*Asks:* 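Right, I'll just put the structure down here and ask away after.
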Amino acid sequence: MIDVKGLKKSFGEIEVLKGIDEHIEKGEKVVIIGPSGSGKSTFLRCLNLMEKPTAGEILFEGKDITKLKEKEIDHVRQRMGMVFQHFNLFPHMSIRKNITFAPVKLGLMTKDEANAKAEELLKRVGLPDKADEYPTRLSGGQKQRIAIARALAMNPEVMLFDEPTSALDPEMVGEVLELMKQLADAGMTMVVVTHEMGFAKEVASRVLFMADGYVMEQNTPKEFFENPQNPRLKEFLSRVLV
Ligand SMILES: Nc1ncnc2c1ncn2[C@@H]1O[C@H](COP(=O)(O)OP(=O)(O)OP(=O)(O)O)[C@@H](O)[C@H]1O
């Protein structure tokens, strides 16, 4: 589904991604872990071209999306939903409007269709009575569940999650991870940057370890956590799996 070839990304003089080759299959749940600053978010943001790669190719369904024009890039982004650490909801819009705004603006649905979709999604994320509320009235966990509903409103084929629970109070982490597990069980292709090792163990089909702009190791969760090979990964796991 997604083929990444020789991906590099620099910000000014600093090379953050130094050459990444990856293949993501339809239905896979790829979890990316690694130390702060290792390039995890940058890699994720390159996948849907929120960051423009400095070099390399990203093939989505066989087509190199790094060569597309701006308008075609919008189309790719519709097919790859993104969920951010800080929710990024529109504060001046109701929850319903947050969910329906993009599909209507992009002409994917009529207003009525989008409203019906919003209702269905609000039920799915367990917040059926929040359509007329505004984001400021919601808890962090609720905001993130709405952000997931908003991404799903575009009927994406892939969902990208950038540390979706890192900004949440501890008691709200579970409700968001539970919703992500439901999505995984429903067959969604997912790429997730997270510090939640339990989620990686339970949900991932493959776990990637990034350090210094490279994918240093990757494996099934069982092998990854029980039999790590790279010394950097061993050291990282010894610190996070206390
Ligand atoms: N827009 C930008 N301009 C300049 N430097 C950037 C930009 N985005 C990221 N960087 C730098 O790139 C490096 C990698 O950042 P990135 O956010 O990808 O790491 P990360 O592994 O996701 O870290 P964390 O776990 O702390 O979120 C960091 O040194 C960061 O400062």
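In each ligand, atom 1 is the first atom listed, and ligand 1 is the first ligand listed. Since we're looking at a predicted model, the values are computed, not measured.
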*Asks:* Judged by atom type as modelled, is there a donor-acceptor pair below 3.5 Å linking the side chain of K29 to the main-chain atoms of M188?
*Replies:*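 Yes; at least one donor-acceptor contact below 3.5 Å.
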*Asks:* Show, in sequence, the C-alpha distance, side-chain angles and deciding distance for E235 and R239, and conclude whether the salt bridge (Lys or Arg N to Asp or Glu O under 4.0 Å) test is met.
*Replies:* CA-CA 7 Å; E235 189 263 335; R239 276 189 291 118; 2.9 Å; yes
*Asks:* Parallel, tilted or perpendicular for F209 and F236, by the 30°/60° rule?
*Replies:*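 F209 vs F236 ring planes: tilted.
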*Asks:* Please find the pair of heavy atoms, one from V215 and one from M210, that lie closest to each other, and give the distance.
*Replies:*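 Between these two residues, the closest heavy atoms are CG2-CG, 4.0 Å.
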*Asks:* With sequence neighbours excluded, give me every salt bridge (Lys or Arg N to Asp or Glu O under 4.0 Å) pair touching residues 83-92.
*Replies:*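 Applying salt bridge (Lys or Arg N to Asp or Glu O under 4.0 Å) to every pair that reaches into residues 83-92, excluding sequence neighbours, yields nothing.
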*Asks:* For residues E175 and Q142, report the shortest heavy-atom separation together with the two atoms involved.
*Replies:*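 Closest pair (atom of E175, atom of Q142, distance): OE2-N, 3.5 Å.
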*Asks:* Using a threshold of 4.0 angstrom between heavy atoms of the protein and any atom of ligand 1, which residues qualify?
*Replies:*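 Contacting ligand 1 under 4.0 Å are F11, V16, P35, S36, G37, S38, G39, K40, S41, T42, E163, H195.
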